[in-house]
Amino acid sequence: MRVLVVEDEQLLADAVATGLRREAMAVDVVYDGAAAIERVELNDYDVVVLDRDLPLVHGDDVCRRVVELGLPTRVLMLTASGDVSDRVAGLELGADDYLPKPFAFTELIARVRALGRRTSAPLPPVLERAGIRLDPNRREVFRDGRQVQLAPKEFAVLEVLMRSEGAVVSAEQLLEKAWDENTDPFTNVVRVTVMTLRRKLGEPPVIMTVPGSGYRI
């Protein structure tokens, strides 16, 4: 899952991004509304965590731009105000969910994951395919009943492949979904991660390489 965090309080923004990355999400961070609009016009995000009171361009206008672009991106709006009228106004702008500050980080994670599930075809909360069982909420993976310990990026790559339900996923798509915008697009990080993932999942191999196209399970 790829997430954009838009928050002008840099310490809070960076803390949220760090926490989401620990949950195997790819996260980009910006600190004002103008930069947020640039990112949503350039990159494909599953969820935007959007502070409402932003400098340069207000969070309301960022939300309107996401709606105008017709993106499948879901918006979780944050605000220091817990007033009901503010929440209603944010939802009427096109936000998909609303979370007042201060918030419990576990609740933020749950809401981001719930919104992320809405950007694609409905799938069961626990993904199962080819003897693999992946639980995104618990961040657990089992292969034929054996628990497999994965690093966050390995987990993210496996989740993308599992969610594709047998379709081929290109290296570019994996890079887009599992890494942030600071990753060199010419790096071999996808190939290396897939190799490590195959080794950890064991024999027989379940991740197949489709020459010239990508990978599938």
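FYI, the numbering just counts along the sequence from 1.
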Practice prompt. Flag yes if L69 and L4 sit in one hydrophobic cluster, no otherwise; membership is Ile, Leu, Val, Met, Phe, Trp, Tyr, and two members link when side-chain heavy atoms are under 4.5 Å apart.
Written response: yes

Practice prompt. Without swapping roles, check the side chain of K101 against the backbone of L78 for a donor-acceptor pair under 3.5 Å.
Written response: no

Discussion item. Using side-chain heavy atoms (C-beta onward) and a distance below 4.5 Å, is V157 in contact with V190?
Written reply: no

Worksheet entry | Beyond-backbone contact of M77 with D60, side-chain heavy atoms, under 4.5 angstrom | yes

Discussion item. Does this structure show an ion pair linking D44 with K177, if we count only N-O contacts that are shorter than 4.0 Å?
Written reply: no

Worksheet item: Taking all non-hydrogen atoms of both residues, which atom of G59 and which atom of L54 are closest, and how far apart?
Response: CA-CD1, 3.9 Å

Item to complete: Treating Ile, Leu, Val, Met, Phe, Trp and Tyr as nodes and any side-chain heavy-atom pair under 4.5 angstrom as an edge, say whether V210 and L161 lie in one connected cluster.
Response: no

Fill in: Flag, side chain of R216 to backbone of S164, donor-acceptor distance under 3.5 Å
no

Worksheet entry | Smallest separation among heavy atoms of Y45 and R39, with atom names | CE1-O, 3.5 Å

Worksheet item: Looking only at heavy atoms, which two atoms of A17 and V29 are closest? And how far apart?
Response: CB-CG2, 3.4 Å

Worksheet item: Would D51 and Y31 count as a side chain to side chain donor-acceptor pair (under 3.5 Å) if you check the C-alpha gap in whole Å, the side-chain angles of each, and the deciding distance to 0.1 Å?
Response: CA-CA 9 Å; D51 182 39; Y31 307 110; over 6 Å; no

Item to complete: Report the distance from atom CG of L12 to atom CD of Q10, rounding to the nearest 0.5 Å.
Response: 11.0 Å

Discussion item. If hydrophobic clusters are built from ILVMFWY residues whose side chains come within less than 4.5 Å, do M208 and I132 share one?
Written reply: no

Worksheet item: Taking a hydrophobic cluster as the set of Ile, Leu, Val, Met, Phe, Trp and Tyr residues connected by side-chain heavy atoms closer than 4.5 Å, whether directly or through intermediates, do F103 and L20 fall within one such cluster?
Response: yes

Fill in: Pairwise side-chain contact, V48 with V40, heavy-atom cut-off 4.5 Å (strictly under)
yes

Response to the item:
Closest heavy-atom pair, G94 versus C63, reported as atoms and distance to 0.1 Å, is C-SG, 3.8 Å

Worksheet item: Quick check: are there more than 12 heavy atoms from other residues, nucleotides or ligands sitting under 6.0 Å from CZ of R22?
Response: no

Worksheet entry | R21 side chain vs V27 backbone, donor-acceptor pair below 3.5 Å | yes

Fill in: 4.5 Å side-chain heavy-atom contact, R143 and V206
yes

Worksheet item: What are the two closest non-hydrogen atoms of R52 and Y98, and how far apart are they?
Response: NH1-OH, 3.6 Å

Worksheet item: What's the spacing between E140 CD and R133 CZ if we round to 0.5 Å?
Response: 7.5 Å

Worksheet entry | Rounded distance (nearest 0.5 Å) linking atom CD of E23 with atom OG1 of T18 | 12.0 Å

Discussion item. Test side-chain contact (heavy atoms from CB on, under 4.5 Å) on F142 and D135; report intermediate values, then the result.
Written reply: CA-CA 9 Å; F142 292 84; D135 187 333; over 6 Å; no

Worksheet item: What are the two closest non-hydrogen atoms of R2 and D180, and how far apart are they?
Response: NH2-C, 3.9 Å

Worksheet item: Any side-chain heavy atom of R139 within less than 4.5 Å of one from L150?
Response: no

Discussion item. Nearest 0.5 Å, please: how far is CG in L127 from CZ in R163?
Written reply: 5.0 Å

Worksheet entry | Within-4.5 Å side-chain heavy-atom neighbours: W179 and T193 | yes

Fill in: Distance, nearest 0.5 Å, that separates CZ of R111 from CG of D97
4.5 Å

Fill in: Any side-chain heavy-atom pair of R191 and M195 under 4.5 Å
yes

Worksheet entry | Option from D53, L99, L50 for which side-chain contact (heavy atoms from CB on, under 4.5 Å) with T79 holds | D53

Worksheet item: Taking E107 for the side chain and A104 for the main chain, is one N or O donor matched with an acceptor at less than 3.5 Å?
Response: no

Discussion item. Run T196 and E154 through side-chain contact (heavy atoms from CB on, under 4.5 Å) and show every step you take.
Written reply: CA-CA 8 Å; T196 305; E154 296 161 0; 3.2 Å; yes

Discussion item. For a 4.5 angstrom cut-off between non-hydrogen side-chain atoms, does I217 reach L158?
Written reply: yes

Discussion item. Between D96 (side chain only) and V75 (backbone N and O only), is there a donor and an acceptor less than 3.5 Å apart?
Written reply: yes

Discussion item. Using a 3.5 Å distance criterion without hydrogens, assess whether the side chain of E7 forms a donor-acceptor pair with backbone atoms of E9.
Written reply: yes

Item to complete: Please say whether more than 12 non-hydrogen atoms of neighbouring residues, nucleotides or ligands are located less than 6.0 Å from CZ in R146.
Response: yes

Practice prompt. Identify whether the distance between the nearest side-chain nitrogen and carboxylate oxygen of D46 and R74 falls below 4.0 Å.
Written response: no

Item to complete: Just do the side-chain contact (heavy atoms from CB on, under 4.5 Å) check on R198 and T209 with the steps written out, would you?
Response: CA-CA 11 Å; R198 280 182 177 138; T209 299; 2.4 Å; yes

Item to complete: Drop me the distance from Q149's CD to K200's NZ, to the nearest 0.5 angstrom.
Response: 8.5 Å

